[in-house]
Every structure is written in structure tokens, then in C-alpha cells.
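Report on the structure given below.
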Amino acid sequence: MDYYETSDQLLEPLLLCYDSLQSCGSGVLADGRLADLIRRVSSFGMVLMKLDLRQESGRHSEALDAITKYLDMGTYSEWDEEQKLDFLIKELKGKRPLVPPTIEVPPDVKEVLDTFKVAAELGSDSLGAYVISMASNASDVLAVELLQKDARLAVAGELGRPCPGGTLRVVPLFETVKDLREAGSVIRRLLSIDWYRDHVIKNHNGHQEVMVGYSDSGKDAGRFTAAWELYKAQEDVVAACNEYGIKITLFHGRGGSIGRGGGPTYLAIQSQPPGSVMGSLRSTEQGEMVQAKFGLPQMAVRQLEIYTTAVLLATLRPPQPPREQKWRNLMDDISNLSCRSYRSTVYENPEFLTYFHEATPQAELGFLNIGSRPTRRKSSGGIGQLRAIPWIFAWTQTRFVLPAWLGVGAGLKGVCDKGHTEDLRAMYREWPFFQSTVDLIEMVLGKADIPIAKHYDDVLVSESRRGLGAEMRRELLTTGNYVLQVTGHEKLSANNRSLRRLIESRLPYLNPMNILQVEILKRLRRDEDNHKLRDALLITINGIAAGMRNTG
């Protein structure tokens, strides 16, 4: 054999050597490094870690459009949901390939089809999940199942034998608030389809994985509303899977910053809805948090211990649900007020977008080679197409950290002014989810710095728009006051003295870097092609990110 294709092939000679050593009395040798190698191959296979694939749902629709047009069947994306499902189910039950080998498609569609072909060649031994970002319907999942099936048929025909491994598990990712609200209904519709339910039971051991996105939901509606919608979506998805006797694993698409769902791991897991962590959980670790949590072996072991402990506790002793319906109603009220306030500023104020570009280094981030993806999904200039990472990164640089708190003050104020302050204090004491949500907002408020944010406005923002910045700084103060009313603390982060000491010890280094960054931005906007200024800006960005412990 020239090479090993599977872990079983590699294990065969290793086990032969092990048995041989044991049989001739050399058990000490067999149980040493050889046994360690056998355990590693058994645990990690040939690939160490399986890679996930990820693609936006719209790209799959474009691929199916090209196929159905070529076959004179119409335009897939123009069909309603039931028409799509009827077509997809019929094709999934069939045995013939859908995509003709002679088809000619645009480059974007070819990229999607080629990805499925490579996935078929590698199989589930090398790849884990196929994640569908911006999923919103049951047809989004079945479209991937069909393209996957078709690619495997084509590759098997070329190889003259079955494809290696099994099909990849397909994981819908619900990201926007609208999609989170529909997540449970989508999973119910999927599992009500006999073909799909049988497929999950047969090929994935009756296990469905669902991913929930923290970044775009936060950018869409604000951090508080996103947190509550994520909580309710998880409850609904768990209930949907339980109705059909399907096991569920929730995959949390968190970022490092609070605005993208970040925060202490143990606290996050312990505040999930009851029943959502049943012995399994997936979570992303991104950016600088990979180095911070797993950069050294001892730290990595500690993080894995934290994950294991939190998952075991959340499974064996699930967190408390809201004690009474009144608490859920209050959360709805806070969420609605918070969302309305957030969107009125970010999406409905015509001056906000220009203010954002002036007051933060967001526009200059595109010059810097520090990201894996473009800062925008599409070329349009609105907030909606801006990716969540540069959105939060930019505000973290100015120490305003706006995405993590904007709208929260309006929500808490509206409910407190109606006489529910004591109810909120009881929720904070007795409901882990509410407590962790408020604590994380309090932590962010402790990191925010009004004088520094004001300095960015004074130097970089047009005079006609400085009033918007002043208004938001007043909102920041209001948010802090109402958070203190709910928590009962005398000052922000009073229950986290180590964080306060950490922040205060960094201020002598952070403040000069922010002052420098403002001056560099001022000069760079007059001389965009000055590479020395760009290099200097990158140094200040790295320094501030390290001091704030967040990029985005």
C-alpha cells in the first residue's frame, strides 16, 4: 500500500505491532508511546480536526436557479416555499443525478458546485458540518442536501465506487432577529418531512444540529434584544426536536466581544435555557480569544475543564427558567423598547452612517490586512451590509463600545418608570440568564470611556453631527444609571474588582494610544496614500485592541 486513506488502515499495522509486543512479553514497550499513538489515531483519525464548510443560503439558490433554468423547469428562486419543498423532496427521493455534466454556469455558481464536489471526494472523515448562513426556511436545508447528494452521485460515477465517508450533517444558521423568531417553525417543518426525518435518524443517529448567530442579531436589533430572541429561539428549537424525538445540539456562533455574544464561558453556558445543553454543545472561539484561551497548553486544559464542567452542570442541573410569566412579559417590554431605541439611532437616523464613518476608524480598516473576509457582504454602504466584526471593532477602538449597550438604557428606563424596579432586581437575583445579560452589559459600560469618545468627536466629526455624539453619550450615562438600579451596585463593576483594577492599570497606556490614533486618523484622511501613517494607525489599532482585550 502506497499510502493510508482511512484511520482503520493506519490502525491495522499499529495494532498488529501492539499485539506482537504483548505476546512476546514486551508489554512495557507496547503500553508506552505505541499505545499513545494508537489512542491518538482512534481519537483524531487521520485529520486531527474536521473542518466545517460554510456558505450563504442565497448562493445555493443561485446554483439551483442555474440548474432549473438549464433544464427548462423555471426559476427556482421565484417559486414559493411549498413549490421549492415539493421539487427538492422529489429530487432527493430520486436516484438519478440532477446536474447534467455538460452544464455551463457562471463562476459564482461553479464555485458552489465545485465545493460540493470536493466535499464528496473527502467525505465526513475529513469534513464535519455544512453550515448554511442566513438560513430562513426549510428549503434552505433541503437545497444543500440535494446539492450534496448530486455531487456524491457524480463523484461516485467518476471513481467507479462509493464516495468515502458519509454525507456531511447540514446545519442551518439563524442570524437575524426575524430568522431567530422563525427558527422553531423551520425545524418543525423540516422534521415533519418523512424523507428528512428518516435521513437524520439513519445517517446522523437521530441528531440535529442548529446554529444560532450572535453577531448579526446584535447588529440588527441591539445586544439586549438579540440576547432575549436567542434565548427564546433556543427554547423553541429544543421543543421542536423533542416533539419528534430528535436529539439536538446547539452551535453558538459567538465572537470575542460582548456585542457578538462573547463573555466568560462558564457564565454563558450556565445561563442557557433549560434543556438546551443536554450533554453536548458547540461554540466558536474567534480572533484573539483563540490565543488568549488556548495559546498555552496549561491554559487550553483549563478552558476545556471549564467547558466540560459547565456542560455537565447544565445537563445534570439545568439553569432555572423564568420564575413566572410576568418576568417573560417584562423581558418582552424591555426588548421592544430597547430595539426601537437602537434602530431609531442606527437605521432610521439619516445622519448616523456618516457620523459612524467620521467618528471611528471603520473606513480605514479596509486598508489594513488584518481580516479574513471583506468588511462588507455587498458593495452597498449601509450598516446592514457591514459585517459585525468591523462594526464592533470600530466602536471598541474609540472606547465607546456602542453596539453592546445602545438601547439597553431606554428599555430598562421604560420598565422601571412603570414601577417594575423591584421585579427587575428579583430577576437579577434569581434568573441566571437575566443576571448574566446585565452583568455583561455592566462590564462593557465599565470599559467605555466618555472623555475619549468625545475627543474622537471633537477632532474628527463635522460640527453639524456632533450633537448626535453628545446625545449618545447621554444615553450611555442613562444606561449606566439604570443598570446600577437593577444590580444594586454602588458603581459599575463593583462586583468585579479584578476587572476594575485591570482597566485602571491599563489606562496610562490606552489613553495616549487613543490620542495618537485620533491625530493619525485626522492626517490620514487628508493623505490617504501615506503608508507611514497607515503603519502607524495599525500599531495604535493593535495596541488599543490588546488593552481593551477585544477586536470584534
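Heads up: numbering here begins at 1 and tracks the sequence.
Residues Phe224 and Trp405 keep their aromatic ring centres 6.0 Å or farther apart.
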Worksheet item: What's the verdict on side chain to side chain contact (heavy atoms under 4.5 Å, CB included) for Val41 and Met46, showing C-alpha distance, side-chain angles and the deciding distance?
Response: CA-CA 7 Å; Val41 174; Met46 301 282 282; 5.7 Å; no
Discussion item. Set out, in order, the CA-CA distance, both residues' side-chain angles and the distance that settles side chain to side chain contact (heavy atoms under 4.5 Å, CB included) for Leu88 and Tyr76, then state yes or no.
Written reply: CA-CA 10 Å; Leu88 293 166; Tyr76 172 83; 3.5 Å; yes
Practice prompt. Apply side chain to side chain contact (heavy atoms under 4.5 Å, CB included) to Phe174 and Leu230, showing your working.
Written response: CA-CA 9 Å; Phe174 300 102; Leu230 282 156; over 6 Å; no
Discussion item. What verdict does the side chain to side chain contact (heavy atoms under 4.5 Å, CB included) test give for His207 and Ile246, after you've listed the backbone C-alpha separation in whole Å, the side-chain angles of each residue and the deciding distance to 0.1 Å?
Written reply: CA-CA 6 Å; His207 209 124; Ile246 298 295; 5.9 Å; no
Worksheet item: For Tyr70 and Thr102, what are the C-alpha separation, side-chain angles and deciding distance, and is it a side-chain hydrogen bond (donor to acceptor under 3.5 Å, both in side chains)?
Response: CA-CA 10 Å; Tyr70 182 84; Thr102 56; 3.1 Å; yes
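A cation-pi contact links Arg343 to Tyr347, judged by a cut-off of 6.0 Å to the six-membered ring centre and 45° from its axis.
Taking the six-membered ring where the residue is Trp, Phe352 and Phe356 present parallel rings, their angle staying beneath 30° rather than reaching 60°. In this structure, Tyr231 and Trp228 have parallel ring planes: the angle between them is below the 30° cut-off, well short of the 60° mark.
Checked for salt-bridge contact, Arg189 and Glu81 miss the test: no charged N lies under 4.0 Å from a carboxylate O. Using a 4.0 Å cut-off between a side-chain N of Lys or Arg and a carboxylate O of Asp or Glu, Glu145 and Arg169 do not qualify as a salt bridge. By the 4.0 Å N-to-carboxylate-O rule, Asp52 lies close enough to Arg282 to be salt-bridged with it. The residues Lys110 and Glu104 are annotated as not salt-bridged, no charged nitrogen and carboxylate oxygen being separated by less than 4.0 angstrom. Salt bridge Arg188/Asp236: present, at least one basic N to carboxylate O contact under 4.0 Å. A salt bridge links Glu364 to Arg525: at least one charged side-chain nitrogen sits closer than 4.0 Å to a carboxylate oxygen. A salt bridge links Asp194 with Arg197: the closest approach of a Lys/Arg side-chain nitrogen to an acidic carboxylate oxygen falls below 4.0 angstrom.
With a 6.0 Å radius and a threshold of 12 heavy atoms from other residues, nucleotides or ligands, Lys232 has its NZ atom above the threshold. The environment of CD in Glu243 is crowded: more than 12 heavy-atom neighbours from other residues, nucleotides or ligands sit within 6.0 Å. By the 6.0 Å contact criterion, CD on Glu348 is enclosed, its count of non-hydrogen atoms from other residues, nucleotides or ligands being greater than 12.
Under the 3.5 Å distance criterion, the side-chain polar atoms of Ser344 are matched with a main-chain donor or acceptor of Ser341.
If you check the side chains of Glu182 and Ser136, you find no donor sitting under 3.5 Å from an acceptor. A donor and an acceptor atom, one from each side chain of His60 and Gln55, are nowhere located under 3.5 Å apart. Side-chain contact, Thr115 with Tyr130: no donor N or O sits under 3.5 Å from an acceptor N or O. Side chains of Thr167 and Gln148: no donor on one and acceptor on the other come within 3.5 Å. Counted by atom type alone, Asp332 and Ser335 present zero donor-acceptor pairs between their side chains at under 3.5 Å.
When all heavy atoms of Gln272 and Ser276 are compared, the closest pair comes out as CB-OG, 3.4 Å.
For the side-chain contact (heavy atoms from CB on, under 4.5 Å) with Phe116, the qualifying choice from Val155, Leu53, Val144 is Val144, the only one to do so.
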